[in-house]
Each structure stands twice: as C-alpha cells, then as structure tokens.
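To keep things clear, I will list the structure first and then write my remarks on it.
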Amino acid sequence: MFGNLSDRLVETFKGLRAKGKLSAADIDATLREIRKALLDADVALEVVKTFIAAVRERALGDEVSKALNPAQQVVQIVQEELIVILGGEARRIQFAKNPPTVIMLAGLQGSGKTTLAGKLAKWLKDQGQTPLLVACDLQRPNAVNQLQVIGERVGVPVFAPEVGNGKGNPVSVAKDSIKHAKQKQYSVVIVDTAGRLGVDEELMKQANDIRKATDPDEVLFVIDSMIGQDAVNVAKAFEDGVGITGVVLTKLDGDARGGAALSVAQVTGKPILFSSTGEGMDAFEPFYPDRMASRILDMGDILTLIEQAQKSFDEQEALVMAEKMAKDAFTLEDFLDQMQQLRKMGSLKSMLSMMPGAGKLKGQLDNIDEKEIDHTEAIIRAMTPKERRDPKILNGSRRLRIAKGSGMTVTDVNSVVNRFEQAAKMMKVMAKGGNPGIPGMPQGMGAMPRPQVKKDKGKKKAKSGNPAKRAAEISGIEPPKQGNSGSAFGLGG
Amino acid sequence: MAGLKFWRKKDQAADQAVAVEPEVIESKEVLETQIPVADVITPQELVKVELPKRNLSKGFKAVFSRIKFDVENLEELEDVLIQADFGVTASETIVSEVKAMAKKSGAKTESELKGILTELLTQKLSRTDASLNLDSGTQPYVILVVGVNGAGKTTTIGKLANYLVEGGAKVTLGAADTFRAAAVEQLETWASRSGSEIVKPVSEGQDPAAVAYETVERAIANGSDVLIIDTAGRLQNKQGLMDELGKIRRVIEKQLPISEVLLVLDSTTGQNAMTQAKAFTEVASVTGIALTKLDGSAKGGIVYAIQDQLNIPVKLVGVGEGINDFGFFDAKEFAIGLVGEN
Ligand SMILES: Nc1nc2c(ncn2[C@@H]2O[C@H](COP(=O)(O)OP(=O)(O)O)[C@@H](O)[C@H]2O)c(=O)[nH]1
Ligand SMILES: [Mg+2]
C-alpha cells in the first residue's frame, strides 16, 4: 500500500546524505513522514502532535547538525523519545505486604481480559504463588464458564458463586472473594471483570465499586493492540473512572503496529507491564518498550536481531571480514562463509521479518527460498579452492565441471558468479564508507536507525566490545541507496 | 437501500420436510433437484418476508460539533476525520474534495460546509448492495460469520438470529468455534434467547469444518430458512487458522451456496481493520461487514476506506450487548452521526 516508514524515509533521505547537513525544511519533511507512520500505526493524533513537536525541537538543536549522518540522527531521536514514553524499563507486579495481593483487570469488551486472567494465573503459579481467579464478569453470556474452563486448564481454582449471564452482583462477588482468599490463604487474587465502554457511566461506576470492594494492589487496564484513535478516550475514561496502575497490551501476535501503546502510555502516564501474544496460556511476556518502539515505526525488531546476531557472529570473523573489505579481497570463499553465517543466525525468513526495511521486501520475502542458499552452497563447494579465491579463471569448461559436480546447471553457476560479483562490488563501496548492509545480509535491509559511527582513520580496532555491534559499526549500517535495492546475493530478488 | 432482502418459498417448510430424507448427506444430485436454484424460481413462488424496521438510536455520535469550519483552512476537518479512524490518506482526499465542492458551490458558512461533507460522505458510503441477501430461493440460506478474536461474532449472530426468528424464520446456528473455552456454551445461550436450534461439536476441539458440515445437514433436514455458522476468532496473520476458514467454507459449499460471509469488525479497531478485511476476503470471500460496538466512543471510520478500496459493503452495525442492539447500516445515518445535524 504505502510502503513502511523505513522505506519512505530512505526516499526522504535520498540526497540528504550527500549534503551532510539538514535544513529545517529537511527535518520537517522527515517529520511529516514520521507523523504519517505514527498515524498509520494508530497513535492518537493528539499524542502524535506533542510527540512531533518534541522531536522537532531536539532535531533542530545541536545534536543533529553536528552528527555525521543527521538524517539518521533524527530517526534515532524519534526512537529514543518513543522509548521514553513507552516507559524505559518494564515494571514488575507490585505485591502486597500482607497477602493476598489483589490484581483487578478492566477494559473494553473483547479486549482479552478473561484469557489474560488465565495467563497471569499460570505465570504467578509457576513462580510459586497460589493464585485464585475470581469470576466477576456476570454480563457476557458464559463468561463465568469460560473462566472456569481456563482455571481448570492452568490448574488454578476459580471463585464463581454466580453463574452470570446477566444475573448476580459483581461487586458482592468481588468482596466475598477477598474474604474467601484470606480464609483459604491464597497469595494472589485475580479479579476478572465484564467488558465495559468508557462512555457507559453506570458500568464505570460499577468497576469503581469493585475496586473499592477489593482494594487492589494493581488495576490492570487491558487493551487490544489493534485499537485505533479511540484509545485515548478509552484510556482517559478508565483512568478517571476506575483509576489504573498499569497496562497490558493484548493480541500482539497479530500484525497491528500497536500505536495505541503509545497513546495509552502518554495519556495515563502508567507503565505497560505485559504483552499478551497468543491464545495459549503461556503466550504472555513482559513488555519491551524498545521493541514496541521499533514495531510502531515498523523498523523491525532491532534488538532481537542484534541478540541473534550476537549468538552467532564470531568476533574474529567480523574483524577479518572488515580487513578484507578494506583490502578489496573479497572472495567466493568469503561469500560462502557469509551464507553460512546467515544460516547460523536463524531461519532466513524469520530473520528478514525482523529486519528494518523488510516492508519493501515483503514480496521478495515470500520468494526467498532457503533452497537457494543450499544451491549456492553446493555450487561454491564444487569449486576448487583456487577458483573460489579467484573467480576470474572460471571459464566455460570449469563452469560445466562445477555444474556437474553440484548437480546444477551452467546457468545456475553463472548466476551465482554474477551475484558474487555484485556483492564484491558492494563490499568495495561499503569499505569506502558508502555502505549498503550487514555483510552476509541480503542487501536492501540494512536500514537500521542508528547513528553513523565515526570512523577514525588509522584506528584498526572497531569501537564496540560487542562483536555483533562492531560488525554493524564496521558496515556502518545505513539505509540502502536507491537503485541498490535488489538483493546482492540475488536471493529471491 | 440498507436492510434485508428476505424472501422465502411459499410452502417451504412442508416442501423441505418431504423432500429431504434424513439419511441423504452428500448427494449433490438430490440437493440440486430438490432445492431449486435461484434462476428457476419465479417471483410468485417466493413471499417477501416483512421484518420489523430497525433504526439506530445509540450509534454514531457526532464528532464535529466542537470544530469550526473555514473554507481556507480545513486542517481541523482533516484532524477530526483522522480521529474518527478514517486514516491519513482517506482524510486528505475527503478534505480536498470538500474544498473543491465548496469552491464550486461558493459555500462559505459553517453550516453549508457541514452540508457538503454530510452529502459527500453519504454519497460515497451509499451502495446498492448493502442489504443482506437472503433472497436467492436456495434455502436454507447460509451465513458464515468470521473475524478476529473478540470482535463480536457470537453476539452479532445472537442478535441477527433473534431478529430473523421474530420475523417468522426458522434458524439453525452452528457452533464451529470449537476452540475458545466456553464458546459453544455462549452460542447456546444465544440460541435459547433467540429461539434458534443449535448444532454443537460432539467433542471439544472437534474439527470446525465437521461442525459446519453437520449444521448444514441438520438445517436442511429440519427445514430451516437460515443457518448461521459461528467461527473461532482468528488473527489474520495466522496462516494455519486462515486456511482452516477456507476449509470450512469449502465444506459448506459442497452442500449449499453461501449467501453471506460476514466479517465482524470492532469499530474501535484502527488501521489494522483494513488488513483484516483484505486477509479475510482472500480466504473467505467476505460479502459484507458487521461493524460492532458503535455504542462506544469509537467511530469506525476505517470502513470508509474498506468500502472504497476493497468494495465490501457494510451491512450490519452493533450498538450494544442486548439482543436488540443492532441495526442495518445506513450511509446517511452514519454521515449525519459523524457530522451532526445541520
Ligand atoms: N458494547 C458492545 N459490546 C459488544 C457488541 N458486540 C459484542 N460486544 C461484546 O464484545 C465482547 C466480545 O463479543 P463476542 O461476541 O464474544 O466476540 P467473538 O469473540 O467475536 O465471538 C462481548 O463482551 C460482547 O458482549 C456491541 O455492539 N457493543
Ligand atoms: Mg465467539
């Protein structure tokens, strides 16, 4: 449709890079794209406005004009500011000094409260707590049954004196549940409540009464990550009507960008504690603000990517590679090495989906076939070491032999050699500081929003002690240049 | 216009009872000879069923009251549209069209501008295919209901079933959400509230396609006018679950044509609703949208882009949890609801 933000920013940055300096107009053009990306991600308009104003102020300041790559610096600022609003470090559940700890869930209809109640119960139980689930949704047909089934599944008892379906008083159930929990010495009480609209005064009052009756240590506002602009109104209504202590974002296993997270965090000032990521009772994790920031901007999950890279990217190899690039001695052997690195880093597809700029590659993504890596590997393996080091000697008969040896056709061999040549060319550009991507990565995906690392001439050692980071620094990860956007390795391109 | 085109065969109940032997399960020939296809039915054989009129008292609250329109500066208008979830692109387009129309007609006052906007939205949202199509004559009519988790599928089915039963139709519900805890019981409650029959899975987690198949069989056997199949909520990026939906659809179509595939969209949903509409249409050929939860503060503006880009009409709206809290989508009502009475 519109292409994602990283793709559009690449477009905006085109030409800016050469200039080195950003004018106020350049910054505004960039911010317009970011505004649209945030709105497309469903961040509430009023939140977008304050946010953009804050970023603009910082962007016009010193830090950008002095940066080596000012355009990227703007994106970096955006990401930092996002993380600040989303809450920096994830907060933990507050437990009561004298048990039971009471956790009340509240939110709109269909936001995922009952399922979350089960997950939370299981999670707490796994930590050695003895939770009790309380069925206070007496409104929706068979919500009580649902909680009972879930309780059984996770092995947590359910307090459900009323059958529900419109009958019974949720406030008294809530009150009684606390007595019951104290008597039976449960350590945590999780109160599931009926879904309600922010505009429904009567039901908001009821929620507040449940709160008063249970005096909860946490009131978690459960919100669907697919929610749109209305998130601000709803969040305000729950904050004013019930008072919340934290937020849980649900259905994050979907493909919504989840801008509501930002709206809610901004409007309520309350931390997002957890994300709910599936229908299974284990699909539940702490909330990671940095990942959410990338998701909202559609910049790929940079942290996860780096983490994975860290596991597999060997420091030594990275250094050697950097030297090779500098000396322009990139061979088919290196090409093969990189492919293997790539494979080590996890399945190519899952890798790609985490990569910034993957939006542009969505079409290609589906075409990418791990088999192609296998084929490329087979072909390179069928070459002699000499051929690998010096592909120029690959004449017709050598190519035929390689084709036969690898079980592929001469055309396949030719295409591998071509792709290699393109890659080698790019490596040269990269070593000169122009740079298109992480070595070993299909090209066109290196648009990480990170400031250009200063390259001190003559300094042999890369700056970071972290091998993955250093590899990224060496390659000076930047948005790919226009016209280079095909995959250098020709994977699926 | 919006509503329900519901035609029933005259002697239909008696016909069905004689025509279909209970043990006939799959035989296509039998079905074809006994259940007439649309074009062999002459209008005389059908009676139009008059169902009660419905209007929306609770949905669509005006959002424009607080802003001032100014022909030269319609930025605020764009903001309001964005806040109603129209999306940036659609909002920009609408604003520039309002501007052009205002220039042409020389409109200046706030009230004239509001009039232009109401008219534009009404015109763009109006469609000739916004009625539920239950008029082909091939009964029972099949309605398949799909959507993401918590959108309001089961509730919408309960309301619609009740409405049809009140109009004299015999309705059978199929509980093909065999996944979510107590989903079957929830539909069962709606079946008894509405006076519909229900076909339930024989075991927990049974293949939903099998439940759908049995529902069709039962509905044919018991002479139902309409059968509605509930499905489990699924996020549109889960390929396996989406494939499952395709299978449910195919299984039903082996026995009967599907009259409506309703995609239930929660009006609080933002831009992701577009992705949902695309994905569900791809696997399940959605024929209409049911927009729920309009009794809240959300406006559901994304349906504008969905109708426009994907050509899928909004047919039903949900305005509460009660059995009567729904209506048929009406473009003018929607537009006035957004802009306010002039
Ligand atoms: N306020 C309001 N709530 C609704 C509406 N439609 C459904 N709901 C509620 O939304 C929640 C989810 O509905 P349900 O039918 O179970 O969704 P499903 O998972 O798609 O079947 C329930 O609490 C319903 O009562 C509506 O139009 N307005
Ligand atoms: Mg349901």
Side-chain angles (χ1 to χ4, degrees), chain A residues 1-2 35-36 39-46 48-49 108-115 118 139-153 165-166 194-195 197-200 224-234 237 250-251 253-260 278-279, chain B residues 61 78-80 82-89 91 148-155 158 179-190 193 204 232-238 241 266-276 278-279 292-293 295-302 309 320-321:
Chain A
M1 218 178 16
F2 310 111
R35 170 183 178 272
K36 180 156 192 306
L39 289 171
D40 285 345
D42 291 319
V43 180
L45 184 65
E46 59 175 87
V48 172
K49 283 186 172 170
L108 293 175
Q109 288 94 342
S111 58
K113 290 175 294 301
T114 309
T115 309
Q139 191 56 41
R140 208 201 66 204
N142 303 82
V144 174
N145 291 134
Q146 187 188 353
L147 193 67
Q148 280 166 329
V149 174
I150 285 176
E152 200 162 299
R153 255 179 223 171
N165 292 6
L197 296 168
V199 291
D200 191 331
D224 187 326
S225 57
M226 297 182 279
I227 192 171
Q229 294 287 322
D230 201 38
V232 274
N233 304 325
V234 177
T250 63
K251 307 181 200 172
D253 49 326
D255 55 13
R257 303 253 297 278
E279 295 184 81
Chain B
K61 282 173 209 74
E78 187 182 315
D79 284 1
V80 175
I82 288 174
Q83 283 171 311
D85 287 317
F86 276 75
V88 177
T89 313
S91 301
V148 298
N149 316 64
K153 293 177 292 301
T154 309
T155 311
F179 183 80
R180 209 208 65 200
V184 174
E185 290 82 351
Q186 187 187 350
L187 190 70
E188 207 170 7
T189 301
W190 281 110
R193 283 182 185 175
E204 207 192 286
R234 62 201 77 225
L235 297 177
Q236 70 277 7
N237 60 339
K238 311 234 159 144
L241 293 178
D266 181 335
S267 62
T268 47
T269 312
Q271 302 304 300
N272 192 249
M274 176 64 84
T275 322
Q276 292 173 23
K278 274 187 191 156
T292 61
K293 308 186 196 174
D295 47 326
S297 41
K299 300 296 173 298
I302 187 67
Q309 288 183 30
E321 296 181 83

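Sequence lines set the chain letters: A, B, ... in the order given, protein chains first and strands last, and positions in each chain run from 1.
- Interface remark: Asn233(A) contributes side-chain atoms only to the contact with chain B (heavy atom separation under 4.5 Å).
- A donor-acceptor pair under 3.5 Å links the side-chain atoms of Asn237(B) to the main chain of Asp253(A), judged by distance alone.
- Nearest heavy-atom pair, Arg35(A) versus Ile82(B), reported as atom, atom and distance to 0.1 Å: NH2-CD1, 3.9 Å.
- Closest heavy-atom contact between Asn165(A) and Arg193(B): O-NH2, 4.1 Å.
- A 4.5 Å side-chain heavy-atom check between Met226(A) and Asp266(B) finds every atom pair outside the cut-off.
- Ranked by heavy-atom pairs under 4.5 Å with chain A, the list Ala182(B), Ala298(B), Ala273(B), Ala181(B) is led by Ala181(B).
- Glu321(B) and Gln109(A) are linked by a side-chain donor-acceptor pair at a separation below 3.5 angstrom, with hydrogens and angles left out of the test.
- Heavy-atom pairs under 4.5 Å with chain B were tallied for Gly198(A), Ala231(A), Ala143(A), Gly228(A); the largest tally goes to Gly228(A).
- Taken to the nearest 0.5 Å, the CD atom of Gln186(B) stands 7.5 Å off from the CD atom of Gln146(A).
- Looking at Thr268(B), the atoms closer than 4.5 Å to chain A (heavy atoms on both sides) sit in the backbone and in the side chain alike.
- The line from NZ of Lys299(B) to CG of Asp230(A) is 6.5 Å long, rounded to the nearest 0.5 Å.
- For a residue to count as touching a neighbouring chain, one of its non-hydrogen atoms must lie under 4.5 Å from one of that chain's; by this rule Gln236(B) touches chain A with the side chain only.
- Taken from CD in Glu279(A) to CG in Asn149(B), the straight-line distance is 4.5 Å, to the nearest 0.5 Å.
- In this view, Thr189(B) and Asn142(A) satisfy the side chain to side chain donor-acceptor pair (under 3.5 Å) rule, not counting sequence neighbours.
- Scanning both residues, Val199(A) and Gly296(B), for their nearest heavy atoms gives CG2-CA, 3.9 Å.
- Of the inter-residue distances, the one linking Arg180(B) atom CZ with Ile150(A) atom CD1 reads 8.0 Å to the nearest 0.5 angstrom.
- In this structure, CG on Asp224(A) lies 6.5 Å from OG1 on Thr269(B), to the nearest 0.5 angstrom.
- With a threshold of 4.5 angstrom between heavy atoms, Leu147(A) does not approach chain B through any atom at all.
- Applying the side chain to side chain donor-acceptor pair (under 3.5 Å) test to Gln148(A) and every residue at least two apart in sequence or in another chain returns nothing.
- Most heavy-atom pairs under 4.5 Å with chain B, from the set Val149(A), Ile227(A), Thr250(A), Thr115(A): that is Ile227(A).
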What's the verdict on side chain to side chain contact (heavy atoms under 4.5 Å, CB included) for Gln83(B) and Val232(A), showing C-alpha distance, side-chain angles and the deciding distance? CA-CA 10 Å; Gln83(B) 283 171 311; Val232(A) 274; over 6 Å; no
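- The residue among Asp200(A), Leu39(A), Leu45(A) with the most heavy atom pairs within less than 4.5 Å of chain B is Leu45(A).
- For the atom pair CG of Asp255(A) and CG of Asn272(B), the computed distance is 5.0 Å after rounding to the nearest 0.5 Å.
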